[in-house]
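Here is the structure we will look at, set down as structure tokens.
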Amino acid sequence: TMNGTPYDSLSEALKAVSSSENAVISLPSGEHTIDSVTFENGEHVTILGNGESETTISVNGQVAFHLVNDDASLTLEDLTVVVNDNSKNGARVVRMVNGDDMSFSAENTNNIALYINGAWNESGLTQSSGVNVSLTNFTYEDNSAHSGLYFQNYSDIDLSVQQSSLTVDKYAINIQA
């Protein structure tokens with residue numbers, strides 16, 4: 001269900017998200033398969049599972065959730081995410097690009113890798129401002145991954161990591177100006 005309205009699948013609920021509301025999607029136990037989803041320009045989405053071992057989002061593609069442009073946010077709670085395409089660039093559950101004042105929060109979640117990159121314009125890569133990431137009781141383990149949390153070309157980063165574990169090949173958290 002999303003904001004009390006039933007949907008046949010997570011994919012259908014995600015397609016119905018609009019920037020005019022704060023969408024709260026509640027998932028029952030089980031596996032929910034989606035293709036990559038993009039949220040942009042003020043879309044605020046919360047996805048609530050029924051427990052890390054009970055609710056799984058299985059993603060067809062390299063990135064599960066794209067947050068693009070200004071003021072987009074995503075919260076994931078009580079679930080596990082599995083990305084089924086681990087190509088040469090590495091699977092990323094959340095990719096945040098080209099925007100200011102974006103946020104991501106995860107609580108009681110497994111397998112969340114983040115890629116956060118500044119804005120592009122006609123001159124190339126520029127710095128974006130204002131990204132908020134909060135991780136609580138969070139785990140990510142991929143010994144072939146270069147980094148679990150990757151920030152590039154962002155200023156004003158607010159990062160909180162509590163009671164969490166990141167196991168990767170090189171950098172658990174990689175921040176580049």
Side-chain angles (χ1 to χ4, degrees), residues 1-52 54-120 128 130-136 138-140 142 145 147-154:
T1 63
M2 180 173 66
N3 297 344
T5 302
Y7 286 87
D8 290 335
S9 68
L10 174 58
S11 292
E12 286 184 19
L14 291 169
K15 287 177 189 174
V17 170
S18 74
S19 61
S20 63
E21 66 183 331
N22 290 328
V24 178
I25 299 171
S26 299
L27 297 176
S29 297
E31 184 173 328
H32 306 272
T33 302
I34 63 171
D35 293 321
S36 294
V37 178
T38 299
F39 302 118
E40 56 187 330
N41 296 326
E43 293 180 331
H44 303 277
V45 179
T46 299
I47 302 175
L48 306 172
N50 213 16
E52 297 169 65
E54 300 292 323
T55 306
T56 300
I57 297 175
S58 179
V59 182
N60 297 321
Q62 187 180 4
V63 178
F65 303 102
H66 297 266
L67 278 70
V68 181
N69 299 326
D70 297 336
D71 191 35
S73 69
L74 174 65
T75 298
L76 302 175
E77 292 185 19
D78 298 316
L79 52 84
T80 294
V81 179
V82 177
V83 177
N84 295 317
D85 177 2
N86 202 2
S87 62
K88 66 178 180 173
N89 294 321
R92 297 293 184 200
V93 171
V94 178
R95 183 172 185 258
M96 300 166 69
V97 295
N98 296 349
D100 296 324
D101 301 318
M102 296 194 295
S103 66
F104 172 73
S105 174
E107 185 171 342
N108 303 322
T109 56
N110 287 328
N111 293 345
I112 309 296
L114 298 175
Y115 177 82
I116 301 168
N117 202 341
W120 287 92
S128 292
V131 63
N132 181 319
V133 175
S134 174
L135 307 171
T136 304
F138 156 93
T139 58
Y140 177 70
D142 183 348
S147 57
L149 306 178
Y150 179 80
F151 298 83
Q152 181 181 18
N153 296 308
Y154 258 94

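FYI, the numbering just counts along the sequence from 1. All values below were derived from every heavy atom in this structure, side-chain atoms included, with hydrogens, water molecules and symmetry-related copies excluded. These numbers were taken from a predicted model, which means no experiment stands behind them.
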Looking at every heavy atom in both [X] and [Y], which two are closest together, and how far apart are they?
X	Y	value
V59	A64	CG2-CB, 3.4 Å
E43	V17	OE2-O, 3.7 Å
S11	I34	OG-CG2, 3.5 Å
A16	Y7	CB-OH, 3.3 Å
A106	F138	CB-CD1, 4.3 Å
P28	N50	C-CB, 4.4 Å

Any chance you could measure [X], atom [atom1], to [Y], atom [atom2], to the nearest 0.5 Å?
X	Y	atom1	atom2	value
L48	L76	CG	CG	9.5 Å
E31	T80	CD	OG1	11.0 Å
S103	D71	OG	CG	8.0 Å

Side-chain heavy-atom pair [X], [Y] within 4.5 angstrom cut-off:
X	Y	answer
F39	L14	yes
L135	L149	yes
V81	V94	no
I47	F65	yes
N60	T33	yes

Could you tell me whether a side-chain N or O of [X] sits under 3.5 Å from a main-chain N or O of [Y], the two making a donor and an acceptor?
X	Y	answer
H44	G42	yes
T136	E107	no
T109	L79	no
S36	V63	yes
N3	V24	yes

Steps toward side-chain contact (heavy atoms from CB on, under 4.5 Å) verdict (I57, L27): CA-CA 9 Å; I57 297 175; L27 297 176; 4.0 Å; yes
Those residues that, when tested against N108, pass side chain to side chain donor-acceptor pair (under 3.5 Å) (two or more places apart): D78, N137
